[in-house]
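All figures in this text were calculated on a predicted structure; none of them were measured in a lab. Position 1 is the first residue of the sequence, and the numbers go up from there.
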Amino acid sequence: MGKRPGLLYEALQRLDGLMALGQSRADAKAQARAQGERFWSFSDRKIHSFQTRATYQDMVMRFLRWCRATHGTKRLAEVDKRADELVSAYLLLHIQEGYSPWTLATERSALRLFFGSPLLAEAVPLPPRHREAIRRSRQSPESEEQPSPHFQPKHWQPFLAFIGVTGLRRREVRMLRVGQIQEEPDGHIVIHVQGKGGKVRQVPVISGQEATVLSLVQGRNKEEKVFPHIPSHLDIHAYRRQYAQALYQQLSGLPLPPATGRLPRGILDEEAVLAVSRTLGHNRRDVVLTYYLR
């Protein structure tokens with residue numbers, strides 16, 4: 001008789017079953033609307049990108065290890081029966097330990113998807129997410145004056161210059177081929193990127209920085225990766241933020257909006273905000289304002 005699969009192996013099998021690579025979440029959302037569904041947020045209870053899979057898998061595994069260590073659960077069926085109780089206790093523990101509101105919300109989303117319950121741990125009120133509490137990438141990009149002990153900027157200058165004028169995600173840079181970088185007739189450089197969920201978008205290089213990008217690809221094979229290696233200890237999001245701010249100012253001709261307080265009416269170029277959001281691969285005004293422009 002073969003050995004029964006353990007808790008974590010069962011979890012990996014379930015996560016495999018939730019994968020929907022190449023399937024459009026937007027199409028599923030449109031279909032749900034056509035059928036009369038109305039919602040503030042939408043989920044088709046599937047995972048559409050490797051990045052989401054990695055994030056959710058890490059959170060699910062941490063939770064299940066906690067269940068095994070503190071409650072002695074050895075089979076996924078045992079956790080399923082007590083899912084609401086255990087997830088609620090886990091989130092309350094993390095609230096007490098001071099986890100950020102964004103981390104808590106992502107943990108709950110991951111566990112709700114994993115257990116197939118959109119109301120899981122509904123009785124646990126999560127702390128509100130205020131802009132002032134954001135910890136991610138508010139610092140300036142890495143500098144030679146204050147290098148990280150795990151990352152030396154002076155060794156990666158061409159790479160840092162590139163992401164600062166293109167704003168690509170880590171996975172997008174890692175997968176980028178020379179042929180995806182194209183020079184337009186007017187001299188501008190556009191990068192054709194396949195982002196989250198397989199969506200294709202065009203990313204303009206910041207005007208005046210075309211030579212920064214062209215110097216990296218001229219004379220190279222179109223199928224060659226632009227960067228065979230990228231640094232692991234680097235906050236790429238800080239460079240995406242730098243790019244977003246430069247692009248907004250380039251498109252709008254306006255200064256950045258104030259970092260705090262209510263935005264006065266008419267202070268923003270709304271078309272530029274939406275263009276920046278689409279270029280980053282978000283297509284959401286609130287995301288680009290909260291995480292990138294302010």
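Leu256 and Val276 fall within the same hydrophobic cluster, where Ile, Leu, Val, Met, Phe, Trp and Tyr residues are linked whenever their side-chain heavy atoms come under 4.5 Å apart, directly or through other members. If you chain together hydrophobic residues whose side chains sit under 4.5 Å apart, Ile236 and Val287 fall into the same group. By the rule that hydrophobic residues join a cluster once side-chain heavy atoms approach within less than 4.5 Å of another member, Val288 and Leu263 end up as members of one cluster. By the rule that hydrophobic residues join a cluster once side-chain heavy atoms approach within less than 4.5 Å of another member, Leu86 and Leu104 end up as members of one cluster. Residues Val200 and Val193 are members of separate hydrophobic clusters, defined by side-chain heavy-atom contacts under 4.5 angstrom among Ile, Leu, Val, Met, Phe, Trp and Tyr.
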- Full working for side-chain contact (heavy atoms from CB on, under 4.5 Å) between Phe115 and Asp84: CA-CA 9 Å; Phe115 289 107; Asp84 192 79; over 6 Å; no

- Task: Show your working on side-chain contact (heavy atoms from CB on, under 4.5 Å) between Val124 and Ile95 and close with a plain yes or no.
- Result: CA-CA 10 Å; Val124 179; Ile95 292 172; 3.9 Å; yes

- Message: Test salt bridge (Lys or Arg N to Asp or Glu O under 4.0 Å) on Asp16 and Arg53; report intermediate values, then the result.
- Response: CA-CA 9 Å; Asp16 287 343; Arg53 166 65 185 262; 3.0 Å; yes

- Message: For a side-chain contact (heavy atoms from CB on, under 4.5 Å) check, start with the C-alpha distance between Cys67 and Tyr90, then their side-chain angles and the critical distance, and finish with the verdict.
- Response: CA-CA 9 Å; Cys67 290; Tyr90 187 70; over 6 Å; no

- Task: Give the intermediate values and the outcome of side-chain contact (heavy atoms from CB on, under 4.5 Å) for residues Glu122 and Leu119.
- Result: CA-CA 5 Å; Glu122 187 179 30; Leu119 300 179; 3.7 Å; yes

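Side-chain contact between Tyr248 and Leu268 is present, with heavy atoms from C-beta onward closer than 4.5 Å. With a 4.5 Å cut-off on side-chain heavy atoms, Leu8 and Met61 count as touching. Within the 4.5 Å cutoff, side-chain heavy atoms of Ile47 are placed close to those of Leu113. The closest side-chain heavy-atom distance from Tyr99 to Pro127 is not below 4.5 Å. Using a 4.5 Å cut-off on side-chain heavy atoms (C-beta onward), Ile206 and Gln250 make contact. Using a 4.5 Å cut-off on side-chain heavy atoms (C-beta onward), Pro204 and Ile189 make no contact. Taking 4.5 Å as the limit, every side-chain heavy atom of Gln180 sits out of range of all side-chain heavy atoms of Val226. Within the 4.5 Å cutoff, side-chain heavy atoms of Arg170 are placed close to those of Leu234.
Of the inter-residue distances, the one linking Phe162 atom CZ with Tyr239 atom OH reads 14.0 Å to the nearest 0.5 angstrom. Here CZ of Arg169 is found 14.0 Å from CG of Leu176. Values are rounded to the nearest 0.5 Å. The CG atom of Leu274 sits 13.0 Å away from atom NE2 of His282, with the distance rounded to the nearest 0.5 Å. Annotation: the span from Leu247 atom CG to Ser277 atom OG amounts to 11.0 Å, rounded to 0.5 Å. Rounded to the nearest 0.5 angstrom, Ile163 CD1 and Glu172 CD are separated by 12.0 Å. Atom OG1 of residue Thr52 and atom CE of residue Met19 lie 8.5 Å apart, to the nearest 0.5 angstrom.
The shortest non-hydrogen separation linking Ala121 to Val87 is CB-CG1, 3.8 Å. Taking both residues in full, the closest heavy atoms of Ala244 and Leu293 are given as O-CD2, 3.7 Å, listed atom of the first, atom of the second, then distance. When all heavy atoms of Phe114 and Leu15 are compared, the closest pair comes out as CD1-CD2, 3.9 Å. Across all their heavy atoms, Glu10 and Leu76 have their closest contact at OE1-N, 2.9 Å. Of all non-hydrogen atoms in Thr279 and Val203, the two that sit nearest each other are O-CG2, 3.8 Å. Summarising the geometry of Arg68 relative to Leu7, their closest heavy-atom pair is CB-CD2, 4.2 Å, with the distance given to 0.1 Å.
At least one donor-acceptor pair closer than 3.5 Å links the side chain of Arg177 to the backbone N or O of Glu223. No side-chain donor-acceptor contact under 3.5 Å links Arg294 to the backbone of Leu289. Arg285 contributes no side-chain N or O that, together with a main-chain N or O of Val273, makes up a donor-acceptor pair within less than 3.5 Å. Although no hydrogens or angles enter the test, the distance criterion places no donor-acceptor pair under 3.5 Å between the side chain of Glu184 and the main chain of Val190. Proximity of a side-chain donor or acceptor of Arg108 to a complementary backbone N or O of Leu120 within less than 3.5 Å is not detected. Between the Arg240 side chain and the Leu280 main chain, a donor and an acceptor come within less than 3.5 Å of each other.
Applying the side chain to side chain donor-acceptor pair (under 3.5 Å) criterion to Glu224, with sequence neighbours excluded, gives Arg220.
Salt bridge absent: Glu78 and Arg75 never bring a charged side-chain N and a carboxylate O closer than 4.0 Å. Using a 4.0 Å cut-off between charged side-chain N and carboxylate O, Glu107 and Arg112 make no salt bridge. Under 4.0 Å is where a charged nitrogen must lie from a carboxylate oxygen, and between Arg14 and Asp80 at least one such pair does.
Within a 6.0 Å radius of CZ in Arg82, other residues, nucleotides and ligands contribute more than 12 heavy atoms.
The aromatic ring centroids of His237 and Tyr292 lie less than 6.0 Å from each other.
Under the 6.0 Å distance and 45° angle rule, Arg174 does not count as a cation-pi partner of Phe227.
Between Trp156 and Phe159, the two ring planes are perpendicular [angle over 60°; tilted spans 30° to 60°].
For the 3.5 Å distance criterion, the side chains of Thr106 and Thr103 fail to qualify, holding no donor opposite an acceptor.
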Show me, pair by pair, the donor-acceptor contacts under 3.5 angstrom made by side chains of residues 210-217, not counting sequence neighbours?
| from | atom 1 | to | atom 2 | distance (Å) |
| --- | --- | --- | --- | --- |
| Glu210 | OE1 | Gly208 | N | 3.0 |
| Glu210 | OE2 | Gly208 | N | 3.4 |
| Thr212 | OG1 | Gln209 | OE1 | 3.2 |
| Ser215 | OG | Ala211 | O | 3.1 |
| Ser215 | OG | Thr212 | O | 3.1 |

